[in-house]
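Scroll down for the structure; my scribbles are underneath it.
Labels below follow one simple rule: chain letters A, B, ... track the order of the sequence lines, proteins then strands, and each chain is numbered from 1. Remember, predicted model here, so these are calculated numbers, not experimental data.
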Amino acid sequence: MTVNTSRRGFLKGATAAGAVLVVGLRPDGALAAGNTQAQINPFVKIGADGRVIAIVKHFEKGQGPTTGLSTLIAEEIGLRMDQIDYEFAPSNPELYANLAFGPFQGTGGSTAMANSFQQYRTAGAAARAVLIEAAANAWGVDAATLDIADGMVTGGGQSAPLGDFVEAATALEAPSEPVLKAPDQWRLIGNADVRRLDSAIKGDGRAMFAMDVHLPNQMVVMLARPPQTGGLVAGFDDSDAHHIKGFIRAATLPNNAAVAVYAEDTWAAIQARDALSVEWDLSNAETRDSSQIKAEILAALEGDAEYNVLKNDPAPMDAAATTVEQTFYFPLLAHAPMEPLNCTIEANDDGGITLHDGAQMPTGPHMALAQIFELPMEKIRINTMLAGGSFGRRATPTADYQVEAALAFMITDRTRPVKLVWSREDDVRGGYYRPAFGHKVKVGLSEEGEIVAWDHRIAGQSIFKGTAFEAMIVHDGVDHASVEGVADTPYNIPGMHVGLTDTKKATSTLWWRSVGHTHTAYAMEVMMDMAARAAGRDPVEFRLAYLGDSTDAKRKAAVLKLAAEKASWGAAPAGRRQGIAVHKSFGSYVAEVVEISGSAEDGVQIEKITCAVDCGIAVNPDVIKAQIEGGVGYGLGHAMRDEITLTGGVVDQSNFPDYEPLRIGDIGAIETHIVPSAEPPTGIGEPGTPPSAPALANAIASTGPRVALLPMVNDGVSFA
Amino acid sequence: MSQRLKLNGVEHEVDAEPGTPLLWVIRDELKLTGTKFGCGVASCGACTVHVDGEPMRSCQTYIEDVDGAEITTIEAIGNTAAGAAVQQAWQELDVVQCGYCQSGQIMSAVGLLTENPKPSVEEIHDYMHGNACRCATYQRIRAGIQRASEIMEG
């Protein structure tokens, strides 16, 4: 592995403002598998004042990479957390690729820490090495006698801030394989007292989200989009909009997908769009009701499956003494992040374009904008800003909202920046939903109550087919995201058959916090519960019987046991009932016990959720706890009462009053226990979500109805 | 039309038609972006500001209705004892995740503690019901309010 410490062009420019050390790693090393290009890959900047800046290649939507990746750099250099700042990396898929995605920069699949752990520690260690060497040279001592702690280089009776050596360090070549600190030397990694770096600015109004961009002379654009998927603009009348102060003009986008309303500010744009009258061509628009879509999905669970994902052998089921059977339905769901979608585009003096965006997958809009403006990639810049949530919505394979902004900007004279703003109604009605899915599962049990067969049918709308990511995820016709969590379950289930049938999309679909696991965990864990009860066995003990000696199974068993122990499983307080679920997703294992009071008829109250998580090395334990808390809330809130429905192809919901978010009183305390681990870090943004809803369903079913058609309020459950 | 507005202790002349939501005057005209747009229909609380010390949803508060009123936003709430306590508690407990709703959460929490310095869990739930957090940071919001109450007690 070759490591470079200097980047001459950059340094020359930076010298005037004080020496800046850029530590980078050539991507032809092990850090960027398969990439042989020679650009350096900078992750660390250090000013002569000793301030260290971590260059963060992942966007921040609350899941914590600004703190997490900075922790890795600070740990290896030898800093306190108050001695490091962060900046978002520019868009550059060669330098800042997500190593889990290939040559593509982006955040998703809970990979931020997993793919950065080695890379960022190595970058920090390389920086430390040259700083120590520079100090050793200055003091005429052996580098091996020096150390850096709290930002001070010390040894041989001397001590000085690391900033004193930055300039000299820029002339040095870093070791090809910098020595990383051993886990017993870690002071920050695994330290539960490490605080988020973005807390203060998010508590006093300083945090700048993409929605907060105000460029000089910018126009605000809102779009009038067709009421149904597939509709096109046939014409419009903007005469009433001309009475709105601040209205500039309206124009049809070149792809006929919407009418753009240009205004001086947001309120003018909102009013002018309301005043617009648009004629739509709906000849190719979706016209189905969601009840039809549901019926189509449930029908697709019968008969032969389109794909036999796991072997189809009817013999084991024939040997069953008893069977347990259940059909499940999971509706369309919107992501509804708090910050409505938006981005801003401006022309640069050099003929290029800058996009200001809470960019989840910068490479997507980067390529789209290069194509739209017919510019080389290096002429497109992306300024990644804080994102007010996403849950997957800011990453679409089509770069949907960035393309809208680009088209709206393209048809102007490009002298004024264009800020595209979505309203909440645009967001709730804007498609890219968690696809609707159905499962039908039949479990065969022996006389002794052991599983002998598990026939699992899945039908729904593929997320990845027809997208740029199809080749990565779809194999032999099977979209892995439709069956993940079932076909690859760590449970050792005998006689398992998994069949998949794709159904026709009614609207655009997208990954939604935990992707396929949003529905597969529910079906798996509810069936496990039903099978355990049919066999007259304890649900924890029953599950453990199918978790064998593989590392995978042992880790899953460990979180199951830990959650059960911490929740006092089987000994709920009077008036309370418990349900449990455990699921592996994104490399991590999470078990949750949901404790409820009340009843399905009179109102269920969610009193307490006890969680156990194994996500490998816990870099920032408090961030991990926060992600589990958030993941549980996201999973439960939607399972309780949310769905997107269509009437004649038109989305029935429009805003929070009818797509009701989880509220503060809806759930009680969430307690999270982290399994100590020396394994490499795995995902944490998503894995808290999958077990939450089935654990709730299992708690409700302990004395009440079995809930299988979501949301729960549609299947006989009321909430207090 | 021109109108006077007193915001964070400073008098402003703003150019806004009657019926303009206070939210857009604060964000687009005065460029104070800590107050957030979340829903536009007063059902998420991200736009909460104080009008004469009372939390109000600025997306449904019109410019003509705040003539002569004292408006405080997240940028200045730290100047009050309750505001400083809530901000300190929020940092101690790392309440925030994405952070987009947190200006509104903090403005509401300050309203609650000003009215009721030692709220029960039920009182917290009732008062904070209208402030949505899609990251579901609710348990830390609850704990943050309780911690701020302790800080205020001294």
Side-chain angles (χ1 to χ4, degrees), chain A residues 60-64 195-196 198-209 211-212 214 220 245 265-267 270 335-340 386-391 421 423-425 622-623 626-627 629-634 636-637 655-657 660-670, chain B residues 16-17 19-21 23-25 27-29 31-41 43-44 46 73-78 83 86-88 90-103 106 121-122 124-126 128-142:
Chain A
E60 176 69 79
K61 58 181 161 181
Q63 84 283 31
R195 304 283 84 196
R196 292 183 71 107
D198 56 353
S199 246
I201 60 165
K202 288 177 173 176
D204 62 14
R206 277 180 295 155
M208 289 293 288
F209 297 83
M211 188 67 96
D212 302 329
H214 281 106
V220 174
K245 184 172 166 258
D265 57 45
T266 320
W267 178 237
I270 291 170
H335 304 69
M338 279 308 301
E339 180 192 11
L386 290 171
S390 173
F391 315 112
V421 174
S423 67
R424 177 59 58 198
E425 290 81 3
D622 196 54
V623 171
Q627 284 308 294
E629 292 159 17
V632 166
Y634 202 70
L636 291 179
N655 201 318
F656 288 139
E660 176 71 10
L662 185 84
R663 300 284 181 175
I664 192 168
D666 286 331
I667 56 173
I670 303 171
Chain B
E17 297 297 305
T20 303
L23 170 68
W24 297 114
V25 175
R27 284 186 57 82
D28 280 4
E29 182 152 349
K31 308 278 192 290
L32 283 173
T33 54
T35 304
K36 300 303 188 198
F37 165 56
C39 71
V41 297
S43 77
C44 79
T73 66
I74 186 69
E75 286 87 354
I77 199 67
V86 170
Q87 285 175 333
Q88 181 190 330
W90 249 238
Q91 276 199 64
E92 282 180 16
L93 300 178
D94 270 355
V95 171
V96 307
Q97 288 188 30
C98 90
Y100 194 81
C101 74
Q102 297 292 347
S103 296
I106 288 171
V121 167
E122 286 70 28
I124 292 172
H125 287 179
D126 284 349
M128 300 298 291
H129 180 83
N131 284 86
C133 173
R134 297 290 291 163
C135 301
T137 62
Y138 296 123
Q139 103 160 355
R140 294 186 189 221
I141 290 170
R142 193 159 53 220

Quick one: of [options], who has the most non-hydrogen atom pairs under 4.5 Å with chain A?
options                      : value
B:T33, B:V25, B:D94          : B:D94
B:V121, B:D126, B:I74        : B:I74
B:G19, B:G83, B:P21, B:A16   : B:P21
B:C98, B:A136, B:G34, B:C44  : B:C98
B:E17, B:E122, B:Q102        : B:E17
B:M128, B:E29, B:E92, B:H129 : B:H129

Relative to chain B, which of A:H335, A:M211, A:R206 shows the most heavy atom pairs under 4.5 Å?
A:M211
Ring-plane angle category for A:Y634 and A:F391, please: parallel below 30°, perpendicular beyond 60°, tilted otherwise.
parallel
Counting only non-hydrogen atoms closer than 4.5 Å, does [X] touch chain B with its backbone (N, CA, C, O), its side chain (CB onward), both, or neither?
X      : value
A:D204 : both
A:A200 : both
A:A207 : backbone
A:L386 : neither
A:I201 : neither
A:Q63  : neither
A:K245 : side chain

Which bit of [X] is near chain A, if near means a heavy-atom gap under 4.5 Å: side chain, backbone, both or neither?
X      : result
B:I77  : neither
B:T137 : neither
B:Q91  : both
B:R140 : side chain
B:A132 : both
B:N131 : backbone
B:Q87  : side chain

Find the distance between CD1 (A:I667) and OH (B:Y138) and round it off to the nearest 0.5 Å.
8.5 Å
Indicate the atoms forming the closest heavy-atom contact of A:P337 with A:S390, along with that distance.
CB-N, 3.6 Å
Test side chain to side chain contact (heavy atoms under 4.5 Å, CB included) applied to B:Q97 and A:Q627, step by step:
CA-CA 8 Å; B:Q97 288 188 30; A:Q627 284 308 294; 3.1 Å; yes
Evaluate the side chain to side chain contact (heavy atoms under 4.5 Å, CB included) criterion for residues B:R134 and A:F656: first the C-alpha distance (whole Å), next the side-chain angles of each, then the deciding distance (0.1 Å), finally the verdict.
CA-CA 11 Å; B:R134 297 290 291 163; A:F656 288 139; 4.2 Å; yes
With respect to B:R27, which candidate in A:D265, A:D212, A:T266 satisfies the side chain to side chain donor-acceptor pair (under 3.5 Å) definition?
A:D212
With side chain to side chain donor-acceptor pair (under 3.5 Å) as the test, pick out the partner of A:N655 among A:E660, A:E425, A:R424.
A:E425
Suppose we screen for side-chain hydrogen bond (donor to acceptor under 3.5 Å, both in side chains). Which residues come up paired with A:D666, at least two apart in sequence or across chains?
A:R641
